[in-house]
S.K.: 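Can you read through this structure? Questions will come right after.
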Amino acid sequence: MHDHEPDALERRVQELESLLVKRGYVDPAALDRLIETYEHEIGPHNGAQVVARAWTDPDYKARLLADGSAAIAELGFTGRQGEHMVVVENTAQVHNLVVCTLCSCYPWPVLGLPPVWYKAPPYRARAVIEPRIVLAEFGTDVGMDVELRVWDSTAEIRYLVLPERPAGTEHWDAAALAGLVTRDAMIGVARIAAP
Amino acid sequence: MHDHEPDALERRVQELESLLVKRGYVDPAALDRLIETYEHEIGPHNGAQVVARAWTDPDYKARLLADGSAAIAELGFTGRQGEHMVVVENTAQVHNLVVCTLCSCYPWPVLGLPPVWYKAPPYRARAVIEPRIVLAEFGTDVGMDVELRVWDSTAEIRYLVLPERPAGTEHWDAAALAGLVTRDAMIGVARIAAP
Amino acid sequence: MNGAHDLGGMHGFGPVAPEADEPVFHTPWERRAFALTLAMGFTGQWNLDQSRHARETMAPAAYLATSYYEHWLFGLEALLAARGLLEGASSGLRRLDADNVAQALSTGGPTARETASTPAFAPGDNVRARTIHPTGHTRLPRYCRGRVGRVERLRGAHVFPDSHAATGDPEPCHLYSVRFAARELWGPSAPTSDTVMIDLWEPYLERA
Amino acid sequence: MNGAHDLGGMHGFGPVAPEADEPVFHTPWERRAFALTLAMGFTGQWNLDQSRHARETMAPAAYLATSYYEHWLFGLEALLAARGLLEGASSGLRRLDADNVAQALSTGGPTARETASTPAFAPGDNVRARTIHPTGHTRLPRYCRGRVGRVERLRGAHVFPDSHAATGDPEPCHLYSVRFAARELWGPSAPTSDTVMIDLWEPYLERA
């Protein structure tokens with residue numbers, strides 16, 4: 001059942017798909033549409049829009065921190081694996097970091113599907129017990145005077161980190177700012193460098 | 001480094017042995033002697049002698065329960081992985097069971113080398129959290145009015161279970177009794193059936 | 001269950017290894033295994049907690065040696081086998097058609113539920129994560145069991161994963177965001193400044 | 001370290017599988033790996049706790065997928081590499097000769113040591129296994145951390161594995177046989193009649 005060879009996995013999945021299609025359980029066109037959605041449409045550029053809007057619109061930011069799901073839905077990002085969104089803000093006092101130790105929960109509507117490292121044992125094991133060492137490996141140094149707050153997504157609440165706006169972007173508009181926002185910063189493993 | 005193929009493991013160990021012999025670190029004849037010792041000389045028949053003696057000699061049993069190492073040494077069983085022996089007695093009130101959750105510590109001088117199941121994850125994982133289910137799989141039923149006492153060999157103390165003497169052996173001598181005593185009974189996963 | 005999936009606090013896995021310019025999927029089979037899992041999820045033959053639990057039943061050595069989508073594939077095959085869906089065609093399964101994908105995804109599957117019960121705890125309360133070791137699916141990580149935290153926020157009532165996975169019963173329970181000091185979880189070597197926030201359902205908690 | 005070797009209380013490994021008429025060794029390489037490990041142990045280049053720790057550093061997936069003697073082989077190779085003993089001949093290593101095997105085995109390596117300190121705990125004392133998560137070798141199983149037990153018996157002072165593995169320093173510490181109620185370890189589903197006895201060194205314990 002646990003065949004590591006790529007060819008064997010390709011065959012195994014092809015056979016499974018053929019059978020499920022033959023049984024009438026799945027529509028192959030729906031599979032294509034699902035793949036297309038997450039491969040090309042939904043991704044961290046969604047979350048970047050949320051962040052950029054929050055940086056440039058104080059009212060929006062207040063709504064976002066008060067009710068993440070509703071404020072994110074204003075921008076059209078809703079649904080699967082983002083039904084219950086909570087946005088946590090990085091400040092000079094608090095640095096937030098998100099992990100799912102038990103599986104790999106991740107806010108799909110705003111970040112797309114998670115990268116392999118987020119789902120693999122090292123991150124899931126270490127982010128809660130030695131988060132500062134993990135952050136250092138990402139090149140992110142958090143001072144000991146800053147509360148490092150790790151969010152373990154054990155329930156259906158999904159977390160998005162609102163990173164600190166980098167210096168030197170005071171006159172940038174939301175569209176330009178969105179271009180600076182990285183996936184890693186919205187997970188909390190990185191900061192956004194000044195441009 | 002983790003090659004599961006038997007041939008690859010044979011080669012890997014042969015090469016390692018050749019190198020260590022060439023370097024002068026090991027004496028191949030000493031390896032043979034070590035293997036011979038544990039393959040043919042030291043084994044559960046040693047522990048069986050200890051148990052049979054305890055069943056037939058109340059003074060010895062008292063010494064055995066008071067100072068396992070010394071009483072076992074009386075029969076000539078000493079040394080490696082049995083330096084600090086403690087003998088625990090099964091009675092109508094207490095059933096003892098031995099495990100080493102962290103590696104596979106085992107009282108070599110009296111039981112020889114441990115069987116695979118004792119060293120494998122299922123036993124090490126389950127013996128402390130669901131010992132009664134494990135015992136049931138061995139066909140050993142321990143009543144809920146009996147204290148089930150699991151010994152996790154986390155230190156260098158090694159445990160030998162003194163099983164209950166089976167009924168119907170009142171007139172047997174120590175040599176005959178030793179023939180009834182099983183390895184599993186001295187680990188605590190089994191009782192000794194009446195003959 | 002205390003399975004290999006419950007990774008929080010484990011040592012020995014080596015460094016986190018980010019991949020430069022990582023693609024969404026690495027192989028064709030990953031794409032299809034992902035989509036098949038989502039599409040079969042829409043048939044209503046199992047719920048999300050049951051599919052998580054199916055992945056958790058993978059043998060520990062295999063779980064740790066294989067990739068995320070191999071876990072998914074294993075879970076999907078296990079559920080199909082358990083429901084008898086591979087042997088012969090079952091009728092009456094909901095089918096996700098291509099035209100409905102966008103709508104289905106944007107609706108999602110909220111787990112918040114109404115409940116008549118009042119929450120047992122309020123923000124500021126000290127609570128202890130219970131020392132329990134359920135053999136079935138649970139979302140109470142081992143590393144917080146027995147440890148004391150403080151309720152930060154009520155999250156409303158949500159489907160309770162333990163019962164949802166075991167019987168399909170959603171048994172909604174109040175969910176709390178609980179703050180644990182890193183020192184409480186890991187001991188005196190942890191920085192005093194660090195905290196771990198865990199979302200925990202009421203049955204996982206007792207007053208401390 | 002919280003490694004894959006710390007198996008107590010884990011679920012998901014399936015049944016215990018005893019083998020009928022099991023031989024002492026299953027293959028020729030197992031015999032030689034066993035004997036090489038013992039013989040190299042006598043060279044004095046590492047101690048027992050360092051050899052245990054070397055096995056524990058095996059990657060978790062590999063540890064769980066391989067047999068006991070593969071762990072030994074991995075540990076032996078790791079120690080040889082760490083001590084630089086594979087690159088060139090080192091002189092001055094003690095060598096175990098065939099004639100000395102019987103004597104060496106029957107002597108063994110006792111870990112009991114004299115110590116000037118008096119034990120901090122006495123039989124009957126309630127103690128709590130500390131909530132600590134050492135990253136190096138330790139013999140404090142995860143499943144008892146934070147739990148309260150009762151000292152049953154003093155075992156004398158013994159070499160302390162944590163320091164012995166880390167630096168070679170035996171730092172003898174008092175060792176206690178501590179009785180834990182199964183319910184204290186596992187929660188209310190455990191039988192009231194069941195107990196787990198764990199040998200724990202003084203630095204692992206605090207008064208409860």
Side-chain angles (χ1 to χ4, degrees), chain A residues 1-2 4 6 9-10 12-13 16-17 19-20 23-27 29-35 37-39 78-84 101-104 112-113 115-117 119 121-126 128-129 131-132 134 137 144-157, chain C residues 5-10 13-19 22 24-25 27-29 31-36 38-40 43 52 62 64 66 68 73-74 77 85-86 89 93 95-98 101 105-112 139 141 143 155 158 175 186 191 193-200:
Chain A
M1 292 290 278
H2 320 302
H4 305 292
L9 279 163
E10 292 294 348
R12 182 171 151 202
V13 175
L16 183 63
E17 178 174 340
L19 184 69
L20 296 177
R23 293 265 188 272
Y25 304 153
V26 300
D27 170 10
L31 302 181
D32 295 339
R33 190 72 198 92
L34 285 163
I35 293 163
T37 303
Y38 288 99
E39 201 156 28
T78 62
R80 193 178 175 92
Q81 288 298 314
E83 292 91 345
H84 307 285
T101 60
L102 296 174
C103 51
S104 303
L113 300 181
V116 166
W117 63 260
K119 300 178 284 191
Y123 185 72
R124 287 164 54 189
R126 299 173 59 209
V128 287
I129 193 172
R132 287 173 184 269
V134 171
E137 286 173 15
M144 294 304 292
D145 57 329
V146 175
E147 179 190 340
L148 182 51
R149 198 179 285 172
V150 181
W151 299 82
D152 189 355
S153 308
T154 47
E156 301 308 324
I157 313 298
Chain C
H5 68 282
D6 187 357
L7 285 162
M10 294 287 289
F13 286 105
V16 178
E19 185 185 334
E22 183 176 336
V24 175
F25 299 103
T27 59
W29 74 262
R31 282 190 186 83
R32 306 310 283 184
F34 166 78
L36 282 170
L38 261 61
M40 284 306 300
T43 63
R52 285 205 184 106
L64 296 176
T66 53
Y68 185 65
L73 180 57
F74 173 91
E77 290 174 336
L85 293 172
L86 292 172
L93 270 60
R95 194 175 85 147
L96 177 71
D97 293 314
V101 165
L105 291 178
S106 78
T107 301
T111 55
R139 299 290 287 183
Y143 74 85
R155 297 275 189 222
H158 283 257
L175 180 69
W186 311 116
S193 52
D194 295 2
T195 53
V196 181
M197 310 291 299
I198 315 180
D199 286 320
L200 298 171

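Proteins get letters first, then strands, A, B, ... in listed order; numbering begins at 1 in each.
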S.K.: Is any side-chain heavy atom of A:Tyr25 less than 4.5 Å from a side-chain heavy atom of C:Leu85?
M.R.: yes
S.K.: Is the shortest heavy-atom distance from the side chain of A:Trp151 to the side chain of C:Asp199 under 4.5 Å?
M.R.: no
S.K.: When you compare the side chain of C:His5 with that of A:Arg124, does any pair of heavy atoms fall below 4.5 Å?
M.R.: yes
S.K.: Flag the pair A:Tyr123 / C:Leu7 as yes when at least one side-chain heavy-atom distance between them is below 4.5 Å, and no otherwise.
M.R.: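 Sidechains of C:Leu7 and A:Tyr123: no contact.
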S.K.: What part of C:Leu175 gets closer than 4.5 Å to chain A, counting heavy atoms only: side chain, backbone, both or neither?
M.R.: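 The side chain, not the backbone.
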S.K.: May I ask you to name which of C:Ala39, C:Pro15, C:Ala17, C:Pro191 has the most heavy-atom pairs under 4.5 Å with chain A?
M.R.: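 Ranked by contacts with chain A, first place is C:Pro15.
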S.K.: Between C:Glu77 and A:Arg12, does any NZ, NE, NH1 or NH2 come within less than 4.0 Å of an OD or OE carboxylate oxygen?
M.R.: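 Answer for the salt bridge query: yes.
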S.K.: Please give me the minimum heavy-atom distance between A:Ile35 and C:Ala35, naming the atom from each residue.
M.R.: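 Closest approach of A:Ile35 to C:Ala35, heavy atoms only: CG1-CB, 3.7 Å.
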S.K.: By a 4.5 Å heavy-atom criterion (distance strictly below it), what part of A:Leu19 contacts chain C: side chain, backbone, both, or neither?
M.R.: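 For A:Leu19, the side chain is the part near chain C, not the backbone.
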S.K.: Let me know if A:Thr154 has heavy atoms under 4.5 Å from chain C in its side chain, its backbone, both or neither.
M.R.: both
S.K.: So for A:Val116, is it side chain, backbone, both, or neither that comes closer than 4.5 Å to the heavy atoms of chain C?
M.R.: both
S.K.: Heavy-atom distance under 4.5 Å to chain C: side chain of A:Asp145, backbone, both or neither?
M.R.: neither
S.K.: Any chance the side chains of A:Glu83 and C:Thr111 put a donor and an acceptor closer than 3.5 Å?
M.R.: no
S.K.: Less than 4.5 Å apart, side chain to side chain, heavy atoms only: is that true for A:Leu148 and C:Thr195?
M.R.: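 Heavy-atom side-chain distance check fails, nothing below 4.5 Å.
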S.K.: Can you tell whether the side chains of A:Arg132 and C:Asp194 come within less than 4.0 Å, N to carboxylate O?
M.R.: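 Salt bridge present between A:Arg132 and C:Asp194.
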S.K.: Using a strict cut-off of less than 4.0 Å between a Lys/Arg side-chain nitrogen and an Asp/Glu carboxylate oxygen, indicate whether C:Arg52 and A:Glu156 qualify as a salt bridge.
M.R.: yes
S.K.: Got A:Leu102 and C:Asp6 here, is their nearest side-chain heavy-atom distance under 4.5 Å?
M.R.: yes
S.K.: Let me know if A:Leu31 has heavy atoms under 4.5 Å from chain C in its side chain, its backbone, both or neither.
M.R.: both
